[in-house]
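Input: a single structure, listed below in structure tokens.
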Amino acid sequence: MYYIRKNKLFFYLLVGICILVGFVGPFILPDKFYYDANLIVSDPLNQKGWIESYPLTMMFYHLTRMSYIPYSIVGLIQLPIVFYILKWIGIPDKFHVFTVRNIIVYLAFLMIGIFIAQPSKEFITYIFITVIWYILAQKGISFKLLLGITFFAFFAFGAIFRPYYIFIPFIAIGMYAITLIKIPNKVFLAVFNGVLVIIFISLTYGILKGDYLSLISRENINVARILAGDGDANSIILSPVYPDTWYGEVVSMFYGFFTVNLPVNGLRFITSPQIIAFVLWQLVLSVLLLMRLSKCLYSPKIYQMELWVLLFVFAFFIAQGMFEPDLGSAVRHKIGIFPLIYFSLYYEDFRRKSSKRL
């Protein structure tokens with residue numbers, strides 16, 4: 001008699017619910033949830049091509065013909081793929097138990113059911129991030145070689161899809177440097193060092209090009225949204241100091257990082273339940289990941305693969321502080337890198353299972 005374990009049964013039931021949410025979402029959710037999807041399938045300026053996120057995504061959905069079918073059907077195609085990837089990474093033994101960590105993941109599953117059940121740049125990012133995890137998870141190959149391949153993959157993806165992915169290896173290396181120093185509180189210094197790396201990159205870019213990165217990737221966009229009276233811009237991220245000077249850019253970078261990843265200032269949106277929900281989800285997620293990063297930083301040789309996965313996750317979080325225009329975009333983009341977040345939250349479970357197989 002075939003017996004299915006509780007953790008797997010719960011995983012499959014949750015996936016089924018999320019696929020159902022993705023299927024009915026286009027019929028009940030506000031149009032703002034599908035602004036990007038509408039732009040991707042309509043391609044009003046005939047932008048489809050092979051370079052940059054929107055043109056490449058438009059080309060992908062054009063070639064796969066998913067631009068010509070209802071969003072609900074797109075969801076039925078894409079969601080089983082992304083959830084199968086999570087099953088492939090692994091299902092934790094106690095996934096069915098209602099712990100804080102599991103609840104955070106359950107909510108992320110629901111977000112996947114909304115944001116990837118439509119033509120989406122995040123679907124392409126999700127597949128790329130899965131490739132990154134697969135490269136790092138290989139056994140019997142020099143980890144330095146795997147890391148080099150991973151760096152190249154980030155550079156290539158940044159060059160053809162989203163430029164800020166080029167920064168991720170540099171930020172991760174800056175954070176890793178802390179492991180070489182015997183000091184307490186490594187986790188906070190590692191994150192601080194990562195923010196300093198992106199600030200250095202931005203200041204260097206500003207000296208060479210005249211404008212700082214957060215100014216051209218976030219502030220100018222949000223100022224234009226405010227002037228245009230964008231009604232959906234209530235959670236925009238604006239630095240308290242305009243980043244047109246070096247010190248303004250430093251403030252902007254730190255403010256952006258904390259607003260996106262430790263968004264206690266987001267609690268002021270008390271009249272917007274969806275924003276408060278994101279703020280609480282993000283705060284708990286960041287704390288959980290910081291705890292796991294701290295453990296890996298103190299044992300970098302033992303947790304070599306797990307450490308670099310976490311460094312890439314936090315490098316992305318730090319880069320988000322530069323480019324994210326609002327809190328809604330911040331949570332959507334985190335869904336794109338969710339395979340690495342999922343692995344990071346449960347790496348101890350997966351290590352135990354791997355050792356048992358050996």
Side-chain angles (χ1 to χ4, degrees), residues 101 104 129 132 136 147 150-151 154 164-204 212-214 217-218 237 239-240 243 247 249-266 278-300 302-324 327 330-331 333-334 336-338 340-345 347-348:
R101 176 177 54 173
I104 291 298
I129 289 298
I132 293 295
L136 293 173
L147 210 52
T150 303
F151 288 170
F154 274 118
Y164 54 79
Y165 277 87
I166 294 174
F167 304 141
I168 288 179
F170 297 109
I171 300 171
I173 291 171
M175 297 175 68
Y176 180 79
I178 298 299
T179 65
L180 307 176
I181 308 172
K182 293 184 178 180
I183 50 175
N185 300 321
K186 284 188 177 184
V187 66
F188 298 109
L189 286 173
V191 173
F192 180 76
N193 214 38
V195 177
L196 289 183
V197 170
I198 195 66
I199 288 174
F200 175 77
I201 292 172
S202 180
L203 294 180
T204 303
Y212 299 111
L213 291 176
S214 76
S217 64
R218 185 185 69 216
I237 300 169
S239 172
Y247 54 86
E249 179 67 355
V250 171
V251 172
S252 177
M253 285 293 193
F254 276 105
Y255 180 80
F257 170 76
F258 282 102
T259 299
V260 169
N261 300 296
L262 295 165
V264 290
N265 56 340
F278 162 73
V279 166
L280 296 176
W281 179 81
Q282 181 58 64
L283 280 170
V284 177
L285 175 65
S286 293
V287 170
L288 290 173
L289 291 175
L290 284 169
M291 291 168 61
R292 278 147 185 80
L293 178 61
S294 178
K295 183 176 182 179
C296 291
L297 284 171
Y298 282 101
S299 304
I302 297 174
Y303 296 102
Q304 185 174 232
M305 185 265 192
E306 293 83 357
L307 172 60
W308 277 98
V309 169
L310 276 158
L311 290 177
F312 289 138
V313 169
F314 275 97
F316 177 83
F317 286 3
I318 290 168
Q320 276 193 301
M322 172 187 69
F323 69 83
E324 290 295 1
L327 295 179
V331 66
H333 290 141
K334 278 186 170 64
I337 68 157
F338 188 71
L340 294 189
I341 294 175
Y342 179 78
F343 176 82
S344 297
L345 288 171
Y347 70 74
E348 290 146 326

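These numbers come from the heavy atoms of this one structure, side chains and all, not from hydrogens, waters or symmetry mates. If you're wondering where the values come from, they're calculated on a predicted model, not measured in any experiment.
Residue pairs meeting the salt bridge (Lys or Arg N to Asp or Glu O under 4.0 Å) criterion with at least one partner in residues 168-191, sequence neighbours excluded, are absent. Among residue pairs with one or both ends in residues 193-204, those qualifying as side-chain hydrogen bond (donor to acceptor under 3.5 Å, both in side chains) are S202-E249; sequence neighbours excluded.
Partners of L283 according to the side chain to side chain contact (heavy atoms under 4.5 Å, CB included) rule, which considers only residues two or more places apart in sequence or in another chain, are L262, P263, V264, V279. Applying the side chain to side chain contact (heavy atoms under 4.5 Å, CB included) criterion to V287, with sequence neighbours excluded, gives M291. Listed by chain and number, the residues in a side chain to side chain donor-acceptor pair (under 3.5 Å) with Y342 amount to none (sequence neighbours excluded). Every ring-ring contact (aromatic ring centres under 6.0 Å, His included) that F254 has, sequence neighbours left out, goes to F192. Scanning for salt bridge (Lys or Arg N to Asp or Glu O under 4.0 Å) contacts around R292 gives an empty result, with sequence neighbours left out. Judged as a side chain to side chain contact (heavy atoms under 4.5 Å, CB included), and not counting sequence neighbours, the contacts of V197 are F170, I171, I201. The side chain to side chain donor-acceptor pair (under 3.5 Å) search around Y176 returns none, not counting sequence neighbours. S286 pairs by the side chain to side chain donor-acceptor pair (under 3.5 Å) definition with Q282, not counting sequence neighbours. Shown here are the side chain to side chain contact (heavy atoms under 4.5 Å, CB included) partners of P184, two or more places apart in sequence or in another chain: there are none.
At distances below 3.5 Å, not a single donor-acceptor pair connects side-chain atoms of Q320 with backbone N or O atoms of N261.
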Donor-acceptor contacts, no H, no angles, side chain residues 302-319, under 3.5 Å, sequence neighbours left out:
unit_1: Y303; atom_1: OH; unit_2: K295; atom_2: NZ; d: 3.4
unit_1: E306; atom_1: OE2; unit_2: R351; atom_2: NH1; d: 3.2

